[in-house]
Amino acid sequence: MKHRHPLHCLALAAAVTALAAPAPAQPTEAPFIVGVCSHDLHLRDTTSKGVQLLQQAGIESVRTDAHWAFLERKRDQLKVERHWPAYLAGNEAQGIESMFILGYGNRFHGNGEKPRSEPVRAAFNRYVAFTAQQFRGRIKHYEIWNEWDVEDPIDPQFTQDYARLITDAAGIIRQHDPDAKVLAGAVTTKGIESGFALRLVEAGIMQSIDGLSLHPYVHCRNRGKNTPEAWIEWLAEVDLELSSAANQPVPLYLTEMAWPAHQGACGIDETLQAAYLARSFFLAKTLPNVRGYWWYDFRNDGTDKREREHNFGLVRQDYSLKPAYRVLETISPIINNFEFVGRVGNSPDSVQLQFSNGQEQLLVAWAPDRPRPATITATGKTTGDLKLLDTAQPDKGWSSFKAWQCASDAGTCTAQIELDRFPKIVSLGEAASPDTGQALTISTR
């Protein structure tokens, strides 16, 4: 049993009391986007049931590859693939936005090399202009290239060449589709750690784009550094560094992020993948500069359980649902409609987050290491049952599982729950008066 120091308990109560009033959360500059990466644009069967699954899961945006090589299959002849408009129409009918990645080279120009020389850069810009013209008003976000940094995240000239490409492409997109948002970077973990993202910001690219995109994977880091909790601590440091360099908040778009569920190095099982998805989405909401999170990816790329690249998806190759899909389907309404209010204390053995939509307050809590009993304490008289949503059992939905136990003087009410590696989402019962805020604490042992 873990004994808490009395001063720690007082500090925890004081911290939570400061968050007590259920006032509307402050809106961010843009709504947080729940997205996925998908390769289904390239399926010629536009009747795929994938689009219905996207909508059911609460996914708002799909990031996909608008390959230069596919749009220019004959030298200097740009043409839209016949099935692309039908695919976009299917997504649009479900209220799902699209992000196009512009890039990947073309064999007719520099043998597919990156557009760093003038002739290849000019050809790339023609492709950018053509795409923006053809899809004007239909693409919410354009992302300029994908993981440019992989080849050489250290060389300053390599960074500068990409910064120039960003500036040119962003201007072209705004000329032909002024309502589209432009993202750039798609910086890998290695690129972030090597200073590539920082050099882009220092080069002034934020003057040309709407946000910096990152691919901050951690699944191959050492044990203890590959969890959602370690990930968000690192990402908070990256966020601070980039915003300090820019002298302003840098909007961050996590356009690829996930944990693969495969049998091999850096792999986890499908159940833990689902738990990590839930925890990472809730944690991403704690950083105001993070404007969206695109899980990589929607559908497994293959069927080999030992191949990492085949097992990132929310659904399997045959579209059967993985646990991660069910969890995202369950939490997406909360991610979409609730704002982060603050952390509840600093417990070393559990994570406790508070969210609000202006009328309702939620506690989202989990114990990353092992199951722990926990006591929730609310000040003021509380009526009704405690409502709980267990992300480990998403199909059960919300349940009223236990009444509050209130002290005789109605000063406090308590309830017992069990925390584990899947987030428990707790909604408080109604307060005695609509004007009475509830201070909330949670203690584990």
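Keep in mind that what you see is a predicted model, and the values were worked out from it rather than measured.
- In terms of modelled atom types and a separation under 3.5 Å, the side chain of S213 and the main chain of A186 share a donor-acceptor contact.
- Applying the salt bridge (charged side-chain N to carboxylate O under 4.0 Å, His left out) rule to pairs touching residues 54-64 yields R63-E143, R63-E256, sequence neighbours excluded.
- With sequence neighbours excluded, no residue forms a salt bridge (charged side-chain N to carboxylate O under 4.0 Å, His left out) with K140.
- Atom CD of E360 and atom NZ of K387 lie 5.5 Å apart (nearest 0.5 Å).
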Candidate pair I331 and V34, rule side-chain contact (heavy atoms from CB on, under 4.5 Å), full reasoning: CA-CA 10 Å; I331 68 171; V34 175; over 6 Å; no

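- L235 has its side chain out of reach of E237: every pair of non-hydrogen atoms, C-beta onward, lies at least 4.5 Å apart.
- Cation-pi geometry between R221 and W234 is satisfied (NZ or CZ under 6.0 Å from the ring centre, within 45° of the ring normal).
- Partners of R174 under the salt bridge (charged side-chain N to carboxylate O under 4.0 Å, His left out) rule, at least two apart in sequence or in another chain, are D210.
- Two residues are said to be in side-chain contact when any heavy atoms from C-beta on lie closer than 4.5 Å; R370 and R372 meet this criterion.
- The shortest heavy-atom contact between G50 and D40 is CA-OD2, 4.5 Å.
- Separation of atoms CG (L102) and CG (D65) is listed at 10.5 Å; rounding is to 0.5 Å.
- A 6.0 Å sphere centred on NZ of K181 holds no more than 12 heavy atoms belonging to other residues, nucleotides or ligands.
- In terms of heavy-atom proximity, S243 sits nearest to N289 at OG-ND2, 3.4 Å.
- In this structure, T271 and F422 have side chains that are in contact, with non-hydrogen atoms separated by less than 4.5 Å.
- Put simply, OG1 on T414 and CD on Q405 are 5.0 Å apart, with the number rounded to the nearest 0.5 Å.
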Go through F196 and D152 one step at a time and tell me if the side-chain contact (heavy atoms from CB on, under 4.5 Å) criterion holds. CA-CA 9 Å; F196 184 87; D152 190 342; over 6 Å; no

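- L389 CG to S399 OG: the interatomic distance, rounded to the nearest 0.5 Å, is 8.0 Å.
- With F100 as reference, F135 is the one residue of Y87, F135, W145 to meet the ring-ring contact (aromatic ring centres under 6.0 Å, His included) rule.
- Using a 4.5 Å cut-off on side-chain heavy atoms (C-beta onward), M257 and W231 make contact.
- Across all their heavy atoms, A258 and F312 have their closest contact at CB-CD2, 3.8 Å.
- You'll find the side chain of W295 reaches within 4.5 Å of the side chain of Y293, heavy atoms only.
- Looking only at side-chain heavy atoms (C-beta outward), L314 and L277 come within less than 4.5 Å of each other.
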For side-chain contact (heavy atoms from CB on, under 4.5 Å), just list the numbers for R306 and H262, CA-CA rounded to whole Å, side-chain angles, deciding distance to a tenth of an Å, and then say yes or no. CA-CA 5 Å; R306 295 176 297 277; H262 70 285; over 6 Å; no

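- Listed by first and then second residue, the disulfide bond (SG atoms under 2.5 Å apart) pairs involving residues 243-334 are C220-C266 (not counting sequence neighbours).
- In this structure, CD1 in I166 is found 9.5 Å from CE in M206, a value given to the nearest 0.5 Å.
- Under the ring-ring contact (aromatic ring centres under 6.0 Å, His included) criterion, H310 pairs with no residue at all, not counting sequence neighbours.
- Here the closest heavy-atom approach between residue V315 and residue K322 is recorded as C-CD, 3.8 Å.
- Note: H176 and Y142 fail the aromatic proximity criterion, with ring centroids not under 6.0 Å apart.
- Residue pairs that meet the disulfide bond (SG atoms under 2.5 Å apart) test with at least one member in residues 310-344, sequence neighbours left out, do not exist here.
- Residues F70 and Y104 place their aromatic rings such that the two centres sit no closer than 6.0 Å.
- Annotation for N146 and H215: closest pair OD1-CE1, 3.2 Å, computed over non-hydrogen atoms.
- Looking at heavy atoms from C-beta onward, W84 lies in side-chain contact with L41 at the 4.5 angstrom threshold.
- From C37, atom SG reaches atom OH of Y296 across 7.0 Å, with rounding to the nearest 0.5 Å.
- Nearest heavy atoms, A169 versus I144: CB-CD1, 3.7 Å.
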For F282 and I334, run side-chain contact (heavy atoms from CB on, under 4.5 Å): C-alpha distance rounded to whole Å, both residues' side-chain angles, the deciding distance at 0.1 Å, then the answer. CA-CA 9 Å; F282 282 121; I334 297 170; 3.8 Å; yes

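- The residue from R343, R421, R279 that alone fulfils the salt bridge (charged side-chain N to carboxylate O under 4.0 Å, His left out) condition with E229 is R279.
- Between L71 and Q134 the shortest side-chain heavy-atom distance does not fall below 4.5 Å.
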